[in-house]
Amino acid sequence: MIRVLLVDDDPLVRSGLRLMLGGADDIEVVAEAADGGEVLALVDEHAPDLVLMDIRMPGMDGLEATELLRAHTGEQAVAPAVVMLTTFKDDEQVLGALRAGAAGFLLKHTPPAEIVAAVRRVKAGEPVLSPAVTEQLIARVTQSGDTTVPRRPETAEARIRLDRLGDREREVAVAVGRGRTNAEIAAELYMSVATVKAHVSHILTKLDHTNRVQIALTVHYAGLV
């Protein structure tokens, strides 16, 4: 079972998410919260695999809650993945949440079947950012100079970072930069999905990144996509 914690200040949104996730036989909503300030205690109590959380809440918002959760494992060996609920195009906190360690984003109007599929993908270590979302994130940083992300590295600096990677890791990093999923990368580079996952994990460690979008940004700054 995939154990999910729902965090949203709107009870109707939580009810709708519980209803759609409850229809899947491999997903269980173990707890709900109306404020990001409740997240740490509920994670310690219920040990969810994934936190599905609104990025904007009137108390503690999803960004701050994600930062706290990433720094706090409580009674769990590994903190649960965080997936943000957002309107995306209108939300200036998206990139900041990625920096804080969010695994990805779901638009609030995402069809129920896609939300269920996204929960399963995150549990399996897959991203929940489509190529279109990745491209839009990159465009926001490069065109608007968004200050919610770390300082943009110069091209030379980005290339020095990528020089830490082996040849195969570099190929995978470029594919990530193009918004490819693990399955698509496996097909393009003639390797297993498990091998792709291992490469992505090594890339994150070597580049000191926490998510795939950060890899994509570094590849973009290096001029490789």
For this session: Give the C-alpha distance, both sets of side-chain angles, the deciding distance and a yes or no for side chain to side chain contact (heavy atoms under 4.5 Å, CB included) between Asp54 and Asp9.
Result: CA-CA 8 Å; Asp54 190 5; Asp9 61 295; 3.4 Å; yes
Are [X] and [Y] in one and the same hydrophobic cluster, where Ile, Leu, Val, Met, Phe, Trp and Tyr link if side-chain heavy atoms are under 4.5 Å apart?
X      : Y      : result
Val83  : Met1   : no
Leu40  : Ile55  : yes
Val116 : Val13  : yes
Leu207 : Leu204 : yes

For this session: Just do the side chain to side chain contact (heavy atoms under 4.5 Å, CB included) check on Leu5 and Leu50 with the steps written out, would you?
Result: CA-CA 6 Å; Leu5 166 62; Leu50 183 147; over 6 Å; no
Exercise. For Lys123, what residues pass the side-chain hydrogen bond (donor to acceptor under 3.5 Å, both in side chains) criterion, not counting sequence neighbours?
Worked result: Asp49
For this session: Would you please name every residue forming a side-chain hydrogen bond (donor to acceptor under 3.5 Å, both in side chains) with Thr195, sequence neighbours left out?
Result: Ser192
Problem set entry | Short side-chain to backbone donor-acceptor contact, Thr66 and Gly62, under 3.5 Å | yes
Exercise. Counting distance only, does the side-chain N/O of Glu45 pair as donor-acceptor with the main-chain N or O of Leu42 below 3.5 Å?
Worked result: no
As an exercise, state the distance from [atom1] of [X] to [atom2] of [Y], rounded to the nearest 0.5 Å.
X      : Y      : atom1 : atom2 : answer
Arg121 : Glu114 : CZ    : CD    : 9.5 Å
Leu69  : Glu64  : CG    : CD    : 12.5 Å
Arg161 : Tyr221 : CZ    : OH    : 9.5 Å

Scan the side chains in residues 17-33 for donor-acceptor partners under 3.5 Å anywhere in the protein, sequence neighbours excluded, and list what turns up.
unit_1: Arg18; atom_1: NE; unit_2: Glu32; atom_2: OE2; d: 2.5
unit_1: Arg18; atom_1: NH2; unit_2: Glu32; atom_2: OE2; d: 3.0
unit_1: Asp26; atom_1: OD1; unit_2: Arg120; atom_2: NE; d: 3.3
unit_1: Asp26; atom_1: OD1; unit_2: Arg120; atom_2: NH2; d: 3.0
unit_1: Asp26; atom_1: OD2; unit_2: Arg120; atom_2: NE; d: 2.9
unit_1: Glu32; atom_1: OE1; unit_2: Arg14; atom_2: NE; d: 3.0

[Y] and [X], any side-chain heavy atoms less than 4.5 Å apart:
X      : Y      : value
Ile2   : Val119 : yes
Pro48  : Val43  : yes
Leu165 : His199 : no

Exercise. Hey, is CG on Asp163 packed in by over 12 heavy atoms from elsewhere, all under 6.0 Å?
Worked result: yes
Exercise. Any Lys/Arg nitrogen of Arg168 or Glu171 sitting under 4.0 Å from an Asp/Glu carboxylate oxygen of the other?
Worked result: yes
Problem set entry | Test side chain to side chain contact (heavy atoms under 4.5 Å, CB included) applied to Leu52 and Leu106, step by step | CA-CA 9 Å; Leu52 191 55; Leu106 291 174; 3.9 Å; yes
For this session: Apply side chain to side chain contact (heavy atoms under 4.5 Å, CB included) to Met53 and Val82, showing your working.
Result: CA-CA 7 Å; Met53 179 157 52; Val82 176; 3.8 Å; yes
For a quick test of reading the model, state the closest non-hydrogen atom pair linking [X] to [Y] and the distance between them.
X      : Y      : result
Met57  : Asp35  : SD-CA, 4.1 Å
Val4   : Leu6   : CG1-CD2, 3.9 Å
His209 : Ile215 : CD2-N, 3.7 Å
Arg170 : Leu224 : NH2-CD1, 3.7 Å
Leu162 : Val219 : CD1-CA, 4.2 Å
Arg3   : His46  : NH2-O, 2.5 Å

For this session: Can you spot which of Val200, Val172, Val176 makes a side chain to side chain contact (heavy atoms under 4.5 Å, CB included) with Asn182?
Result: Val200
